[in-house]
Amino acid sequence: MRYDVIVIGGGMSAISCGIALAANGKNVALMVKGQSKLNFSSGSIDLLGFDEQGNEVLRPLDAIGGLSPNHPYSKMGVSNVAHNSAMAPVIFSGAGLNFYGDSSHNHYRMTPMGLLRPSWLTLDNYVTTDDANSLPWRKVALVNIHGFLDFSADFIAAAMTRLGCDCHMCDIKLGTVDKLTSNPTVMRSTAVAKLMQNDGVLNDLARKIRSNMGDAEVVVLPAVFGLDGDDTAAKIAHQVKAPVKFVSTLPPSIAGSFLLSKLRKLFVKNGGTFLLGSMVKNGKIVDNRVVSVEAKNFPDQDIVADNFVLATGSFMSGGLQSSEEGIVEPIFGLDVDYVGKRGEWSKECMFDAQPYMEFGVATDNEFHAIKDGQVIENLYAIGSILSGHNSLKLADDTGVAVMTALQVARQM
Amino acid sequence: MQENNNPFTQEYDVIIIGGGITGAGTARDCALRGLKVLLVERFDFTHGATGRNHGLLHSGARYAVTDQESAEECIGENMILRQIARHCIEETDGLFVTLPDDDLAYQATFVEACLRAGINAEIIDPAEARMIEPSVNPTIIGAVRVPDASIDPFTLTTANLLDARRYGAVALTYHEVIEMIVENARVIGVKLRNNLTGEISTAYAPVTVNAAGIWGTLIAKQAGIIINMFPAKGSLLIFSRRVNNMVINRCRKPANGDILVPDKIVSMLGTTSDRVPITEIDNMRVTPEEVEILLKEGVKMVPTLARTRILRAYAGVRPLVASDDDPSGRSISRGIVCLDHKERDGMDGFITITGGKLMTYRLMAERATDLVCQKINKVGACTTAILPLPGSDEKAPKKRGHQHAVTVKAAQDRHGSLTKEIKEKSAEDKAMVCECEHASVGEMKYAIEKLHVSNLTNLRRRTRMGMGSCQGKLCACRAATLLCKAGGDAEAVLADLASFMNERWKGMRPVAWGSTLSEAQLTTLIYEGLCGLNMNNSK
């Protein structure tokens, strides 16, 4: 098998890169192992929510200049971040994804716990606010589906009240959901989202919302609409006949499923190829160039390309592997930036900045990967596998994914 | 359950300090003998060593060679607990295996000592041992089968407390003794601080029992009494799956990392033993060296441990007591120590019950209660050796048609026949909160209502929520929602959730590499990244 570019990975960075490359006319294949971090998506893309001192960032593009030189944004430079961050919403809208927000200033998204987190782009039918102390509405009807535990309506109601809303909670019983709980493990967001694809259930829910919502200006629902890119979000809004907004649930994220599904469609439309279920085992490197990679599901086949992009994520996605001895990048054995002693990988308090969050593969300023101190000319690393920033503390995880993906695609 | 009357205006015969298994057992025994009992615990039940051991129902074999008296106590209590606490025990049996590096001659000494102590120890062929316990190292050269088992200290403590309460005892969590009230060389009561509200109160009784484990030395000090305790830290590792079905021990003198106990869905590897200063006992952390020692030794017994994810590491402190005529601490006893402070120190109305083990808690309670009865001239025979605990007192109810087999089975493992108290009326009650331990909404509601639950850690200890392989990744959020629904203030519950997750992380941190680190990263991503939780949410 031969391609112009092989992208290893299937998450936000891999697919964004694939879309941009395919749009440029490259023959590109995505080697996807399985699920990605989009399962834990909030429905938002964060460019930079906090600076390295922990202060909240209002204008992300202005703050990027102050980041340390190892940060991926610093490597690509402020002007490239500005360029790519202007390009991204255009690409997304081509996929049918409409977001609220732009890179000139952050807004806040509401989390499943009712807390506010700074964001760059948020799916435009999700709850957002520009003001940390209020929401855009006075009267809110907060709906949950009875028995659905992964939506903490009580926390969200308390938060909305704190933000000055008159929040009316409606716990709506659906006969079908009762049936669903006859197997106690399946009351997850995906199962509820699947139910919503049934018109009868959706109509029943809409009818019950209408009769319970009183004079609320907006109906807030758990984000269980849009599984696999379906149009149930539009349907429920249409049927409720009032503005409808969503708040993310606990994982698995339906927003993530929605994003992924739309992005995958665009990638295929642009001419990209998916190689699903691909467990890439190793790569052959000759004279500082990757010649081919080998995957478990393609035995005895060398998968050849001119360029390779590594977008396999951090520890939780398997892009980095740790053991008592140290940390490795398992496919190519690339150089990894990390501190030596295991005791120094983490901090005692879970919510302190954890050093391991900054571990990742070393690259040059063009995101070429490095092995044994040598730059690999045709291998790029993008997204969460990169070292040099703490994506939780800076709230820049998806931003780095998209920015580095587009940057690398432009360089090829 | 809320007590109806103000607990501080009632009259008591005895105040028991400490909500571990010893305090709970003593409260039960006293209550069964008709005494009016107040039990006070400064944090939560099982907060100390009771909740931090390997949950091994010793046959006594481990002590047979070195401490015959302890061995005899163990096998005696082992047989009693199998009768009275059936629902807390899993009858696994145990193996003592000899590895090629070990001296096979020790086996004969060991078996002989076991038989002398009344422990049914049977030498079996190593091939048979490998067959009945496939996880064991295939190179073993010897194996002895003994009646070890696995016991759940959390449900055991709960059952004792429930029975004590059934017989009128009052139990208060988060009430710390800040002063022993002494009058004319006699302890007449205690001054308490509510650690949740800061409120100060007093309670009086003719006898006070110090059952505070290693913290008992600090309690005694408040009455001006010195008890020479030697805090011995024991560290353990929990593995993410049930590796073994029988308890596996090393057939040699007790040492580090030589017990592997199956506990429901996980396995626990113990233990180390190190003296720690008394000032450190509230802040036990497992060191990388201890993890290394445990793993190194554990892998020798059960090689697959090297490839099994370690869920977490934790440490408890054994309350070892030096005998009074040996201030150097050389002759440290692992046996039961019951001190009448009138005889020992001229302080009447005060008893300390300490030393001992989880295994012998009932015997400790019996001795302490005998002494209490003697002090207040109450006649009453101990019945705890024959009266089954709540949960083991009736046949477990049959699964009802509308309930789920898997959650009912799990609930029965935890609550025995008390499972009938769990109402699964609606579809919501049947939904599963904790998918690792199969705990339903109904079970959570029962625990919140009936089992002294005010926070997520309490709930974890009563239902095992968050103890399984996911370490609370999703179930903690769900349980927090239920606490909120039960009337908890949303902000306070969020604060509790942040500190609960932080506690889970503290146990993972000493073993944070490989998949444990990956899981920790995912958990942080969910709670901090997706949900926006941080320590500002906590106090």
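Remember, it's a predicted structure, so these values are computed and weren't measured experimentally. Just so we're on the same page: letters track the sequence lines, and every chain starts at 1.
Using a 4.5 Å cut-off between heavy atoms, A/F40 touches chain B through backbone and side chain atoms alike. Heavy atoms of A/S119 lying under 4.5 Å from chain B are absent altogether. Heavy atoms of B/S515 lying under 4.5 Å from chain A are absent altogether. Looking at A/E348, both its backbone and its side chain come within 4.5 Å of chain B, counting heavy atoms on both sides. Residue contact with chain B, scored on non-hydrogen atoms closer than 4.5 Å, involves the backbone of A/K347 exclusively. Contacts of B/L522 with chain A are made by both backbone and side-chain atoms, with heavy-atom separations under 4.5 Å. Heavy atoms of B/W513 lying under 4.5 Å from chain A belong to its backbone as well as its side chain.
The two residues B/L530 and A/T249 have their closest heavy-atom pair at CD2-O, 4.1 Å. Counting all heavy atoms, side chain and backbone alike, A/F315 lies closest to B/S518 at O-OG, 3.3 Å. For the pair A/T111 and B/C531, the tightest heavy-atom approach, listed with the atom from each and the gap, is OG1-O, 2.7 Å. Residues B/C477 and A/L250 come closest through the heavy atom pair CB-CD1, 3.2 Å. The two atoms that bring A/M350 and B/T524 nearest to each other are CE-CA, 4.0 Å, heavy atoms only.
Around NZ of B/K506, the count of heavy atoms belonging to other residues, nucleotides or ligands within 6.0 Å exceeds 12. More than 12 heavy atoms of other shown residues, nucleotides or ligands fall within 6.0 angstrom of atom CD in A/E324.
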Exercise. Under the side chain to side chain donor-acceptor pair (under 3.5 Å) rule, what do A/S314 and B/Q521 come out as? Steps first, then yes or no, please.
Key: CA-CA 9 Å; A/S314 185; B/Q521 186 180 41; 2.9 Å; yes
Quiz prompt | Chi angles and distances behind the side-chain contact (heavy atoms from CB on, under 4.5 Å) call for B/E435, A/R188 | solution = CA-CA 11 Å; B/E435 288 165 46; A/R188 289 277 193 101; 3.0 Å; yes
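Per-residue heavy-atom pair counts under 4.5 Å with chain B were compared for A/C349, A/A158, A/A395, and the maximum is reached by A/C349. The candidate with the highest count of non-hydrogen atom pairs below 4.5 Å against chain A, out of B/N502, B/D489, B/T516, B/V493, is B/N502.
When atom types are taken as modelled, the side chain of A/S322 and the backbone of B/G514 share a donor-acceptor pair closer than 3.5 angstrom. Without hydrogens or angle criteria, B/R509 side chain to A/G343 main chain gives a donor-acceptor distance under 3.5 Å.
Taken to the nearest 0.5 Å, the OG atom of A/S152 stands 9.5 Å off from the CG atom of B/L482. Interatomic distance, CZ of A/R117 versus CG of B/N534, reported as 8.0 Å (0.5 Å rounding). A distance of 11.0 Å separates CG of B/L525 from CG of A/N39, quoted to the nearest 0.5 Å. Taking OH of B/Y527 as the start and CZ of A/F351 as the end, the distance is 9.0 Å to the nearest 0.5 Å.
Considering only residues two or more places apart in sequence or on other chains, A/F50 meets the ring-ring contact (aromatic ring centres under 6.0 Å, His included) condition with none of them.
Side-chain contact check for B/T481 versus A/L149: every heavy-atom pair is 4.5 Å or farther apart.
Chain A is approached within less than 4.5 Å, heavy atom to heavy atom, by B/R285, B/L295 from residues 284-305 of chain B, ordered by number.
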